[in-house]
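Because only heavy atoms are used, hydrogens play no part in the values below, and waters and symmetry mates are left out as well, while side chains stay in. All residue numbers refer to positions in the sequence shown, counting from 1.
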Amino acid sequence: MKHQEQEQVEPEASGLVQRLGRRAFIVTAAGAVSGAALIAMRSSFLIQPQPVDAKDAPAEVSIVEFGPDGKKTGKVTVAHIAKSDDEWRKQLSPISYDVTRRAGTERAYTGDTWNLHDKGLYRCICCDTALFKSDTKFESGTGWPSFWEPIARENVVETHDPSIGMDRTAVSCRRCDAHLGHVFDDGPRPTGLRYCMNSAAMHFVKLA
């Protein structure tokens, strides 16, 4: 009698295990698909351009100028640069336009200067304002050119960026409002900051 009861219980238990196994597989598979979808969505957001709004910019701004030798020449007041969308499109390459005028982000390890080690200045691709110098560049392992401070605080603007569901600090050129990238607080000494910039937003000039 015991033997017959055991035979009846074992198939039931086996069926339960199979049903639970199938359910676990379905839940796991659904989770994996959802995770992949979120990752894909996040990746698309990271390169999704957004318009750069410069309507509240002043007529004039103060920046610090630097000569061909990389030395500071002084603080000057210059006209704020504002151009039409068509003018920017004609002046810039497609990737530089998307990054600087629509706040896009180039894909990691695709820019011209992320692995550049020459000595010089990084200037705004739109207006030639000096932004960073090679002395403050470091290897962040991110695939984007990274610096621990700008060449002059007066030459950049930092604003809160709540896009893609994250609290970030966006960095732009003070003279022309070109979007450059973002700054994070996980950089090296002495500032502890990581200015994660887009190569497409800058052009490199070797020191004379």
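Between A201 and V99, the closest heavy-atom pair is CB-CG1, 4.0 Å. Between L121 and G67, the shortest heavy-atom distance links the atoms CD1-O, 4.0 Å. Closest approach of T77 and S62 over heavy atoms only: OG1-OG, 3.4 Å. Between T100 and L92, the closest heavy-atom pair is OG1-CD1, 3.5 Å. Contact record, C176 with R101: O-NH2, 2.8 Å, taken as the closest heavy-atom pair.
Atoms CG and SG, from L180 and C126 in turn, are 8.5 Å apart once rounded to the nearest 0.5 Å. Distance check, rounded to the nearest 0.5 Å: NE2 of H203 to CG of D112 gives 12.5 Å. Interatomic distance, CG of L116 versus NZ of K206, reported as 8.0 Å (0.5 Å rounding). From I63, atom CD1 reaches atom SG of C173 across 7.5 Å, with rounding to the nearest 0.5 Å. Note that OG1 of T136 and CG of L193 are 11.0 Å apart. Values are rounded to the nearest 0.5 Å. Between the CZ atom in R123 and the CG atom in L131 there is a gap of 8.5 Å [rounded to 0.5 Å].
For the pair S96 (side chain) and A200 (backbone), a donor-acceptor distance under 3.5 Å is present. Checking side-chain atoms of S172 against main-chain N and O of A178 turns up no donor-acceptor pair under 3.5 Å. No donor-acceptor pair under 3.5 Å is formed between the side chain of T191 and the backbone N or O of E149. Panel note: side chain S134, backbone G120; a donor-acceptor pair is recorded below 3.5 Å. For the pair N155 (side chain) and V64 (backbone), a donor-acceptor distance under 3.5 Å is present.
Taking a 6.0 Å sphere around NZ of K133, one finds it holds 12 or fewer heavy atoms contributed by other residues, nucleotides or ligands. More than 12 non-hydrogen atoms from other residues, nucleotides or ligands lie less than 6.0 angstrom from CG of N115.
Among residues two or more places apart in sequence or in another chain, the side-chain hydrogen bond (donor to acceptor under 3.5 Å, both in side chains) test is passed with E154 by none. In this structure Y195 satisfies the ring pair (Phe, Tyr, Trp, His ring centres under 6.0 Å) test together with F132, sequence neighbours excluded. Taking the ring pair (Phe, Tyr, Trp, His ring centres under 6.0 Å) definition, one finds that F204 meets it with Y122, sequence neighbours left out. Applying the salt bridge (charged side-chain N to carboxylate O under 4.0 Å, His left out) test to K119 and every residue at least two apart in sequence or in another chain returns D135.
Salt bridge D85/R89: present, at least one basic N to carboxylate O contact under 4.0 Å.
A donor atom on one side chain and an acceptor atom on the other are found under 3.5 Å apart for H80 and D177.
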Counting only pairs under 3.5 Å, give me each side-chain donor-acceptor contact of residues 182-190, with atom names and distances, residues two or more places apart or in other chains.
unit_1, atom_1, unit_2, atom_2, d
H182, NE2, D161, OD2, 2.7
D186, OD1, R194, NE, 2.8
D186, OD1, R194, NH2, 3.4
D186, OD2, R194, NH2, 3.1

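Note on residues 82-110: pairs passing ring pair (Phe, Tyr, Trp, His ring centres under 6.0 Å), not counting sequence neighbours, are Y109-W114.
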**Report entry** Working for side chain to side chain contact (heavy atoms under 4.5 Å, CB included), residues R174 and C127
**Finding:** CA-CA 10 Å; R174 185 175 296 277; C127 69; over 6 Å; no

Report task. Could you go through the side chain to side chain contact (heavy atoms under 4.5 Å, CB included) check for T73 and F66 one step at a time? Result -> CA-CA 5 Å; T73 59; F66 292 80; 5.8 Å; no

Report task. Could you walk me through whether E106 and M197 pass the side chain to side chain contact (heavy atoms under 4.5 Å, CB included) test, one step at a time? Result -> CA-CA 9 Å; E106 68 194 11; M197 303 291 99; over 6 Å; no

